[in-house]
Structures are given as structure tokens and as C-alpha cells.
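Because only heavy atoms are used, hydrogens play no part in the values below, and waters and symmetry mates are left out as well, while side chains stay in. Every chain is numbered from 1, with letters handed out A, B, ... down the list of sequences.
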2 protein chains.
Amino acid sequence: MSRLRSDPRSAAQTRIIAAALPLFAEHGVNGTSLQMIADAVGVTKAAIYHQFRTKDEIVFAAVEVDLAKLESVLEAAEAEKRPRARELVLTEVINLAVERRRMVSAVQHDPVIVRFLAKYEPFRQLMERLYAVLTGGETGADTRVRAAMVSAAIGGAVMHPLVRDLDDEALRSHLLKLTLQLLDASG
Amino acid sequence: MSRLRSDPRSAAQTRIIAAALPLFAEHGVNGTSLQMIADAVGVTKAAIYHQFRTKDEIVFAAVEVDLAKLESVLEAAEAEKRPRARELVLTEVINLAVERRRMVSAVQHDPVIVRFLAKYEPFRQLMERLYAVLTGGETGADTRVRAAMVSAAIGGAVMHPLVRDLDDEALRSHLLKLTLQLLDASG
DNA sequence: GTCTATATAACGATAGAC
DNA sequence: GTCTATCGTTATATAGAC
């Protein structure tokens with residue numbers, strides 16, 4: 001099984017990634033120039049290029065940080081028995097999504113990032129594993145639509161205007177209850 | 001109440017919009033150059049600028065086409081009684097989303113379009129009306145999370161990899177059943 | 001309505017000094 | 001590790017002929 005990078009980035013690289021992700025979320029990857037990232041970090045473009053050879057590498061590194069967390073969650077869940085695994089993944093994925101409310105949408109929907117997710121094999125495998133846990137291995141149309149809805153609803157709901165005033169704890173508990181209900185209720 | 005444009009665009013403008021929207025959906029607005037739009041239409045950039053003064057005007061016109069359909073749906077629904085209104089909106093919004101599978105995601109998530117939705121008053125009002133019908137006027141946290149999930153789930157599920165092989169009719173019926181269930185089930 | 005040609009600005013990326 | 005300066009390319013947008 002292919003795994004994501006586990007050795008940590010340098011402090012300089014980590015600062016760049018931390019500055020870039022919120023910009024990607026607000027303006028999109030294509031709407032975020034290296035000048036904007038450099039300004040946010042407080043250095044010049046050349047200093048950024050000393051840490052990353054291309055803009056794509058910054059995008060890749062930023063996505064990798066969040067997907068590494070997802071990988072940890074999946075590993076923990078896959079060690080559990082069937083019904084418990086799904087509940088564990090749901091709980092932790094919701095925690096992740098709520099905690100990073102502003103960022104999830106970019107990772108899930110930005111065209112540049114979507115391309116990365118589709119082309120780079122370790123990312124693809126990670127998504128496959130997530131879907132496998134969500135569907136519980138079932139392949140029927142009903143089950144797949146439920147899983148697709150849950151997957152979209154979590155990422156989309158956390159930054160929805162309708163829930164902007166909810167604190168993290170309230171959002172977390174409502175989301176968990178409703179996603180479980182959506183997955184389990186008999187149709 | 002502010003309304004969207006009702007007079008039709010010229011044939012030339014309509015062709016440009018039809019060519020632009022799929023490009024916006026695949027590459028994002030910022031990832032779609034006027035050269036790409038011109039190539040898709042089969043003319044030069046200058047010909048495009050003869051129809052629209054700026055790129056923003058093309059984006060605006062493209063979004064307006066889809067939101068005008070949403071407005072029609074909302075008008076029909078608002079003329080109905082309470083419980084029926086929500087079911088009607090859900091049915092028609094799902095039809096719209098499934099029918100334009102590839103396009104919805106851009107309209108819902110592209111940063112440039114999101115800015116338009118937030119800044120231009122008639123668009124904002126339209127979204128408010130949609131949310132009002134989905135929540136049925138209730139303002140509790142549970143109701144708002146449900147509505148946010150439904151709103152995100154419909155747009156996100158229609159182009160989810162898990163349901164790529166489902167035909168429109170199957171996707172439609174599953175989505176309708178499950179969204180109604182998500183909104184109505186007692187928690 | 002469409003073309004060729006071009007102005008102007010910003011982009012990603014590199015060279016070389018400190 | 002950060003800077004100034006710059007290269008080559010592409011972006012939005014315009015001018016003016018047909």
C-alpha cells in the first residue's frame with residue numbers, strides 16, 4: 001500500500017503551507033499568485049521558490065497535510081470491526097472538517113486540487129478507502145448515493161451560510177447525528 | 001422584490017455562455033481564459049469582447065442563466081401550501097442539478113462565482129428564498145444544519161465519483177427519497 | 001460580427017549578490 | 001535564507017480594418 005509522506009516539512013516550508021491554504025480556500029488555487037503567498041508569509045517570491053521549486057509543489061504539500069490526517073483516521077478505523085469502523089470514520093472526519101471549516105471546500109472542490117486527487121495514485125487510493133468504509137463494502141445504487149451525499153454534505157455544510165453562527169461543538173454533534181441517520185435509515 | 005433579467009440574450013451571446021459554462025466547471029473561472037472560450041466558440045478573442053465588455057460579464061451572464069431557472073422553481077413553490085412547497089422545490093432543484101451534473105459544482109463552489117452570489121443583491125435574495133423554503137421558516141440549529149446538508153448534498157452528490165455510472169433517472173429518484181428523509185426524519 | 005495586431009499588466013520562474 | 005532584478009509567457013482588454 002502506498003503511503004503519504006511521513007517525515008515532517010522544514011519550519012520554513014510549514015509556514016508557507018500555513019499561509020497558502022487559507023488563500024487557496026478564499027481565492028482558489030488559480031486565483032492565488034505566488035506574490036500573494038509571499039506577501040502573506042512576509043517575504044519575497046524568490047524566498048518562496050527557495051523552499052518549493054514550483055507552485056504545484058506548494059499545492060501538493062498543502063493538500064498532503066490535510067490528507068495525511070485523513071489517512072491516520074482511516075488506519076484507526078480499518079482496525080475496527082464493521083459497524084464500529086464507519087461510525088469512527090464519520091466522527092473523526094466531521095471533527096477534521098469542522099475544525100478546518102474554511103479549508104475543506106477548497107480541498108474538495110478546487111479544480112486544480114481535484115486534478116491532483118485524480119492523478120496522484122496515493123491520493124486516489126485514500127479516497128477509495130474512505131468510500132469503502134462509508135459504503136461498508138456494499139455496492140448497490142442506494143448505498144452509493146447515500147455515501148456520496150454524506151461525503152458532499154459534510155464538506156459542504158461546514159461552511160454553509162446557514163450554519164455560520166453555530167459554534168464548532170454544536171455543528172459537530174448535529175452533523176454526526178444527521179449523517180449517521182442518513183446512512184442508516186432504511187429506505 | 002428584485003428579479004433577474006428576463007429578456008433573452010442574443011444568439012451570439014447565448015453561444016458564448018453555452019461554451020463558457022462547461023469550461024468554468026472543468027477548469028474554474030480563473031483557470032478559463034478568454035482564449036479558451038474563443039477557441040470553444042470557434043472565433044477570436046476580439047469577437048468575444050464584441051459581445052461582452054469584460055470576462056466578469058460573461059461569468060455573470062452564465063450564472064444568471066442557471067439562477068433564472070432556480071427563480072422559476074421558487075416562484076412556483078412559493079405559491080403552494082407549506083409542506084407541499086418544500087417537496088416541490090426539492091424535486092425541481094434535484095431535476096435541475098442532475099440535468100446539469102457537470103455545471104452545478106462550479107456555480108456552487110467556484111470562488112469567483114461565490115463572490116458574485118454574495119455581492120449581487122438579486123442573487124443573495126434568491127439564495128435566501130431557497131433557504132427559507134428548505135427550512136420551512138424554522139430557525140433552530142437542527143433545522144438549519146439539515147437544510148445546509150441537503151443543499152450541499154444535492155450539488156455535491158450529482159458529480160460524485162461514487163455515482164458516476166448512475167443514469168439520470170436513477171440518481172434523481174434516489175436523491176429525492178434521501179433528501180426528503182434527511183429533512184423530515186425526527187432527530 | 002469577425003478579423004489582425006498590439007498595449008499593458010501580472011504571472012511563474014530564475015540568476016546572482018549578500 | 002532572503003534579497004533585487006529580470007526573463008519569457010500569458011492574461012485581460014483595445015484599436016482599427018474588413
Between atom NE2 in His27(B) and atom P in dT10(D), what is the gap in whole Å?
-> 16 Å
Under-4.0 Å side-chain N/O to phosphate OP1/OP2 contact, Gln51(A) with dG1(D) | yes
Per Lys45(B) side chain, nearest of listed nucleotides dC3(C), dT2(D), dA13(D) | dA13(D)
Base, sugar-phosphate alone, or nothing: which one does Thr32(A) contact when heavy atoms must sit under 4.0 Å apart?
-> sugar-phosphate
More than 12 foreign heavy atoms under 6.0 Å from CE of Met159(A): is that the case here?
-> no
Asn30(A) CG to dA10(C) C1': how many Å, rounded?
-> 14 Å
Electrostatic pair Glu64(B)-Arg9(B), nearest N-O below 4.0 angstrom | yes
Look at the side chain of Thr44(B) and decide which nucleotide, out of dT2(D), dC3(C), dT4(D), has an atom nearest to it.
-> dC3(C)
The answer to which of Val29(A) and Ser10(B) contacts DNA chain C further toward the 5' end, by nearest nucleotide, is Ser10(B)
Report the residue (Arg53(A) or Ser33(A)) whose heavy-atom-nearest nucleotide on DNA chain C is the more 5′ of the two.
-> Ser33(A)
His50(A) side-chain proximity, nearest of dC3(C), dA13(D), dG1(D) = dG1(D)
Ring centre gap for Phe116(B) and Phe60(B) strictly below 6.0 Å = yes
Testing dA13(D), dT2(C), dA13(C) for proximity to the side chain of Lys55(B), the answer is dA13(D)
Counting side-chain heavy atoms from CB outward, which of dA15(D), dA15(C), dT2(C) is closest to Ala46(B)?
-> dA15(D)
Integer-rounded Å distance: dA13(C) P and Gln35(A) CD | 14 Å
Asp56(A) and Arg115(A) ion-paired at < 4.0 Å | no
From the list dG1(D), dT12(D), dC3(D), which nucleotide is the closest neighbour of the side chain of Tyr49(B)?
-> dT12(D)
